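What follows is a short report on a single structure.
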Amino acid sequence: MVAPRSVFKVVLLSICIFTLPGTAANYTITVNASTKQGNVPHFWEECIASDHMYLTLNPNHQYALKTVRNECGIKRVRGHGILNNDVGIFHWNGTGTPTYTWAKFDSIMDFLVNNKIDPVVELSFMPYDLASGNQCGMYYGGVCANESAPKDWNRWRDLVYEIVNHCKGRYGAPKIESWYWEVWNEPNLAGFWAGDGNDTNGPAWPDDYLKLFDYALDGALAADSNVKVGGPASAGVDVHSFLDHCKNAGKKAGFVSWHNYSGGPGDAAADPAAIWDAYRQSVTELTNRGMSMPSLCTEFGPSWGCPGDQYANTICRDTHFGALYVIKLMKEVLDDITAGTYPVPGALSYWTVSDVYEEC
């Protein structure tokens, strides 16, 4: 028997075929549900991207997350700014012991866990009380996403320890060990990572970022030695410095992550083949170093910004164009992994899950 969701997908496919411009002929699709041709890996279920994790408290955003979980089988969500001041975890006057407030953080994580959605915990951005500067490359709901390095690196390590340890106590070790813990967002872009602002200590990218990763990794593993910590969540597959560092310094990275956008303005110029080419590149980077870990694309789409309204979910992402763009990519991926040419991707996370959106 064909599941209702499968029937729905077949009907949608039929509608798409019947309504192609310039198509005059009629078509008939017959589905024999009693014949099994093989297993199709549902890699598209692994993760979807969100804008701002604070939006998880918004009922409309919650509805979107529930929908993709229940109708599409999405297992994970990854979004920005869990360390931002609107979530408000970290408090410190620069001396003594920091204090932690978990109320909003717990509300966000409880919603996800209760709805069987695992987070990719993007450890960003720097809390005001810990930041060495006040650089704001991005705002979410009017709240600065501080892109500065910590003014005290040991406090940064302790912050990550406290977050992982808190989640371990609340949800249990097996649960948080199934999550991905991702250090920062696109640190190879100046608008997301300023480092310590002192090039004499090394450039922001990659040196300051690798230091940020090392301290975060140490803190996370001190709380639970089995959690999967990775990065660099680079814009493009700019992962060679990260992989070289992990390999040469013996760092226990649990995954490598990167982003890719086709760059088109929401029309035929946005070719999804660019996304799969980027994944192939990431696999090559790992293979060339003899490294084995999941490769996660934690953001992809036709374009990160659209003409006329650079950040809004317009034709690029939240219409039929975005849907067909994804379908074309999935077909290309299935062709490759079915042929055994490339391994199944750890995640391909479409940007974004909802048109409830704040990045500006």
Side-chain angles (χ1 to χ4, degrees), residues 46-47 49 53 75-83 89-90 105 109 112-113 118-127 130 149-150 153-188 192-193 205-234 237-259 282 285-286 289 291-299 345-347 349:
E46 288 303 320
C47 190
M53 286 306 289
K75 299 173 184 176
R76 305 175 192 269
V77 65
R78 181 259 190 192
H80 304 314
I82 199 67
L83 305 183
I89 296 173
F90 183 86
F105 178 87
M109 294 301 176
L112 297 177
V113 171
D118 286 341
V120 174
V121 186
E122 179 197 302
L123 295 167
S124 72
F125 291 92
M126 197 58 62
L130 188 54
W153 290 92
N154 290 325
R155 294 301 185 193
W156 165 250
R157 179 185 58 208
D158 294 345
L159 169 59
V160 176
Y161 168 85
E162 293 293 344
I163 292 170
V164 175
N165 194 53
H166 175 80
C167 290
K168 183 178 181 178
R170 191 171 182 86
Y171 307 113
K175 172 58 72 175
I176 69 158
E177 289 167 7
S178 71
W179 297 355
Y180 291 119
W181 300 80
E182 186 179 42
V183 181
W184 217 253
N185 175 72
E186 299 187 356
N188 58 332
F192 281 117
W193 176 240
W205 172 261
D207 292 15
D208 285 352
Y209 171 75
L210 295 175
K211 185 175 181 179
L212 186 83
F213 175 81
D214 287 352
Y215 275 78
L217 179 67
D218 289 349
L221 295 182
D224 187 311
S225 61
N226 294 317
V227 292
K228 295 185 284 288
V229 183
S234 58
V237 192
D238 190 358
V239 299
H240 56 280
S241 297
F242 173 78
L243 293 177
D244 286 344
H245 174 73
C246 291
K247 182 178 177 66
N248 297 334
K251 297 298 178 179
K252 186 184 174 183
F255 60 92
V256 62
S257 62
W258 47 276
H259 301 161
S282 75
E285 295 277 5
L286 288 166
R289 291 167 176 80
M291 301 175 74
S292 177
M293 65 177 72
S295 174
L296 311 181
C297 176
T298 49
E299 287 184 29
S349 306

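Numbers for residues simply follow the sequence, beginning at 1. If you're wondering where the values come from, they're calculated on a predicted model, not measured in any experiment.
In this view, Trp181 and Trp179 satisfy the ring-ring contact (aromatic ring centres under 6.0 Å, His included) rule, not counting sequence neighbours. Remark: Asp207 engages no residue in a salt bridge (Lys or Arg N to Asp or Glu O under 4.0 Å) (not counting sequence neighbours). Under the side-chain contact (heavy atoms from CB on, under 4.5 Å) criterion, Phe90 pairs with Trp92, Pro98, Tyr100, Pro127, Asp129, Leu130, Leu159, not counting sequence neighbours. Residues that satisfy the ring-ring contact (aromatic ring centres under 6.0 Å, His included) test with His80, not counting sequence neighbours, are Tyr140, Trp351. With sequence neighbours excluded, no residue forms a salt bridge (Lys or Arg N to Asp or Glu O under 4.0 Å) with Lys211. Not a single ring-ring contact (aromatic ring centres under 6.0 Å, His included) links Trp258 to another residue, sequence neighbours left out. Not counting sequence neighbours, the partners of Ala253 by the side-chain contact (heavy atoms from CB on, under 4.5 Å) test are Phe213, Phe242, Cys246, Met293. With sequence neighbours excluded, the residues forming a side-chain hydrogen bond (donor to acceptor under 3.5 Å, both in side chains) with Lys75 are Glu46, listed by chain and number. Considering only residues two or more places apart in sequence or on other chains, Asn226 meets the side-chain hydrogen bond (donor to acceptor under 3.5 Å, both in side chains) condition with none of them. With sequence neighbours left out, Trp205 forms a ring-ring contact (aromatic ring centres under 6.0 Å, His included) with Tyr209. Under the side-chain contact (heavy atoms from CB on, under 4.5 Å) criterion, Leu221 pairs with Leu217, Val227, Lys252, sequence neighbours left out.
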Would you sort out whether Trp153 and Tyr215 count as a ring-ring contact (aromatic ring centres under 6.0 Å, His included), showing the intermediate values?
-> CA-CA 7 Å; Trp153 290 92; Tyr215 275 78; 5.6 Å; yes
Start with the C-alpha gap between Asp244 and Arg289, add the side-chain angles, then the distance that decides, and say whether side chain to side chain contact (heavy atoms under 4.5 Å, CB included) holds.
-> CA-CA 8 Å; Asp244 286 344; Arg289 291 167 176 80; 2.6 Å; yes
Evaluation steps, side chain to side chain contact (heavy atoms under 4.5 Å, CB included), between Thr298 and His259 = CA-CA 6 Å; Thr298 49; His259 301 161; 2.8 Å; yes
Please test Met126 against Leu212 for side chain to side chain contact (heavy atoms under 4.5 Å, CB included), starting from the C-alpha separation and ending with a verdict.
-> CA-CA 11 Å; Met126 197 58 62; Leu212 186 83; 4.0 Å; yes
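Residue pairs satisfying the salt bridge (charged side-chain N to carboxylate O under 4.0 Å, His left out) criterion with at least one member in residues 157-184, sequence neighbours excluded, are listed as follows: Arg78-Glu182, Asp106-Arg170, Asp110-Arg170, Asp118-Lys175, Arg155-Asp158, Lys168-Asp224.
Of all the heavy atoms in Ala223 and Val164, the pair that sits closest is CB-CG1, 3.6 Å. Counting all heavy atoms, side chain and backbone alike, Leu123 lies closest to Leu83 at C-CD1, 4.0 Å.
Checked against Pro232 for a side-chain contact (heavy atoms from CB on, under 4.5 Å), the options Asp238, Val256, Asn188 give a single hit: Val256.
Note that the OH atom of Tyr180 and the CZ atom of Arg76 stand 5.0 Å from one another [nearest 0.5 Å]. The distance from atom CD of Glu299 to atom CG of Asn185, rounded to the nearest 0.5 Å, is 5.5 Å.
At least one donor-acceptor pair closer than 3.5 Å links the side chain of Ser257 to the backbone N or O of Ala233.
With contacts defined as side-chain heavy-atom distances shorter than 4.5 Å, the pair Lys251/Val229 does not qualify.
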